[in-house]
Amino acid sequence: MTAVYKDEEADWLTVCLKYLLFVFNFLFWVGGVAVLGVGVWTLVEKSDYLSLLASSTFAVSAYILILAGSMVVVTGFLGCCAVIREQKSCLSMYFFCLLVIFLIELVAGVLAYVYYQRLSEELKQHLNQTMTDNYAQPGREAITLAVDRLQQDFKCCGSNNSRDWMVSVYVSSKQAEDRLVPDSCCKTITPHCGNRDHPSNIYKVEGGCITKLEQFLANHLLVIGAVGIGVACLQVCGMVFTSCLYRRIKMDPY
């Protein structure tokens with residue numbers, strides 16, 4: 001009688017673990033879609049700004065999330081198959097995939113956090129020089145477009161303020177045609193509107209574009225870090241459930 005009771009209890013625990021893994025797989029798959037979405041959103045939504053950054057850490061973090069999210073979507077289906085078939089070999093593969101994705105997302109989260117700490121210093125050191133030395137120069141079309149979009153999107157002018165453009169290569173050249181700032185500084189863009197730098201005509205924002213871009217990137221990095229580490233912590237639960245089910249299954253490994 002005791003042996004029968006123990007067998008029934010073991011079967012009940014196995015069924016519970018299977019359902020828990022199914023629920024986890026659903027949450028895991030949703031989390032994977034979220035990770036993939038955040039990675040794509042980061043690269044697509046404001047991809048122009050990446051050319052203004054001195055390091056590629058921001059982009060690398062996003063690419064890592066895209067890789068991890070894609071792996072999560074595929075692994076979620078593998079997890080369902082492993083639970084249905086109750087094969088130790090499938091569960092082992094599933095556990096290994098969870099571990100790899102966990103490490104990848106952890107790296108993305110740590111990279112985002114580390115870059116978040118360095119972001120302000122990097123922008124202060126490089127953004128002004130990037131804008132004043134490269135704007136409207138041959139072979140620097142990507143930077144020119146990025147600066148124009150930056151100033152229009154964030155309604156700012158210059159790295160620190162509009163006076164930064166006075167020492168720029170662009171304003172000092174004949175190409176500027178007596179402009180004091182690029183036309184993208186203007187509240188309403190018209191040909192040669194940059195010839196007049198009065199506050200009624202151009203954006204005069206305290207802190208310039210550095211403050212605006214820093215805030216924007218910092219918010220993105222917090223999202224990248226939170227999503228990456230959050231889903232990684234969720235995977236720890238999945239690995240625990242998988243290990244428990246692996247031990248409960250009585251079938252011999254294939």
Query raised in the report: Got more than 12 heavy atoms from elsewhere within 6.0 Å of CG, N219?
Result: yes

Query raised in the report: Within a strict 4.5 Å, meaning less than it, do heavy atoms of the D197 and N201 side chains meet?
Result: no

Query - ILVMFWY cluster, L213 and L145 together (side-chain gap under 4.5 Å) - result: no

Query raised in the report: According to a 4.5 Å side-chain heavy-atom criterion applied to Ile, Leu, Val, Met, Phe, Trp and Tyr, with indirect links allowed, do V74 and Y63 form part of one hydrophobic cluster?
Result: no

Query raised in the report: In this structure, which one of S162, C156, C185 forms a side-chain contact (heavy atoms from CB on, under 4.5 Å) with K204?
Result: S162

Query - Student check: side-chain heavy atoms of M166 and V171 closer than 4.5 Å - result: no

**Report entry** Residue pair N195 / L180, side-chain heavy-atom distance below 4.5 Å
**Finding:** no

Requested in this report: Measure the spacing between CH2 of W41 and CG of L36 and express it to the nearest 0.5 Å.
Outcome: 14.0 Å

Query raised in the report: For the atom pair SG (C186) and CZ (R179), what is the distance rounded to the nearest 0.5 Å?
Result: 9.0 Å

Requested in this report: Using the rule that two of Ile, Leu, Val, Met, Phe, Trp, Tyr join whenever any of their side-chain heavy atoms come within less than 4.5 Å, decide whether L67 and I101 are in one cluster.
Outcome: yes

Report summary line: Only residue of L127, N128, D133, N134 satisfying side-chain contact (heavy atoms from CB on, under 4.5 Å) with M131 is L127

Query raised in the report: If you draw a 6.0 Å radius around CZ in R196, do more than 12 non-hydrogen atoms from other residues or ligands fall strictly inside?
Result: yes

Report task. Locate the shortest heavy-atom distance separating I104 from M71; write the atom from each residue and the value. Result -> CD1-SD, 3.8 Å

Query raised in the report: Is M93 atom CE crowded by more than 12 heavy atoms from other residues, nucleotides or ligands, each under 6.0 Å away?
Result: no

Requested in this report: Please name the pair of heavy atoms, one in T144 and one in A136, separated by the smallest distance, quoted to 0.1 Å.
Outcome: OG1-N, 2.8 Å

Query raised in the report: Is there a donor-acceptor contact under 3.5 Å from the side chain of N160 to the main chain of G208?
Result: no

Query raised in the report: Are the two sulfur (SG) atoms of C209 and C157 closer than 2.5 Å?
Result: no

Query raised in the report: Does the side chain of V169 come within less than 4.5 Å of Q137's, by heavy atoms?
Result: yes

Report task. Determine whether P191 and D183 make a side-chain contact, defined as any pair of heavy atoms from C-beta on separated by less than 4.5 Å. Result -> no

Query raised in the report: Rounded to the nearest 0.5 Å, how far apart are NE2 of H126 and CD1 of I210?
Result: 11.0 Å

Requested in this report: Indicate yes or no: at least one non-hydrogen side-chain atom of V147 is less than 4.5 angstrom from one of L52.
Outcome: yes

**Report entry** Short side-chain to backbone donor-acceptor contact, R149 and A146, under 3.5 Å
**Finding:** no

Query raised in the report: Is F102 reachable from V33 through a run of hydrophobic residues whose side-chain heavy atoms are each under 4.5 Å from the next?
Result: yes

Query - Among W165, Y203, Y170, the one residue meeting side-chain contact (heavy atoms from CB on, under 4.5 Å) with V181 - result: W165

Report task. Tell me whether V236 is reachable from V100 by hopping between hydrophobic residues (I, L, V, M, F, W, Y) whose side-chain heavy atoms are closer than 4.5 Å. Result -> yes

Requested in this report: Applying side-chain contact (heavy atoms from CB on, under 4.5 Å), run through N161 and D164 and close with a yes or a no.
Outcome: CA-CA 6 Å; N161 52 62; D164 291 340; 4.0 Å; yes

Requested in this report: Look up atom OG1 in T130 and atom CZ in R140, then write down how far apart they are to the nearest 0.5 Å.
Outcome: 9.5 Å

Report summary line: Here the gap from I189 atom CD1 to Q151 atom CD, rounded to the nearest 0.5 Å, amounts to 9.0 Å

Query raised in the report: For K187, does the NZ atom sit with more than 12 other heavy atoms under 6.0 Å from it, leaving out its own atoms?
Result: yes

Report task. Indicate whether any N or O donor in one side chain lies under 3.5 Å from an N or O acceptor in the other, for Y135 and D148. Result -> yes

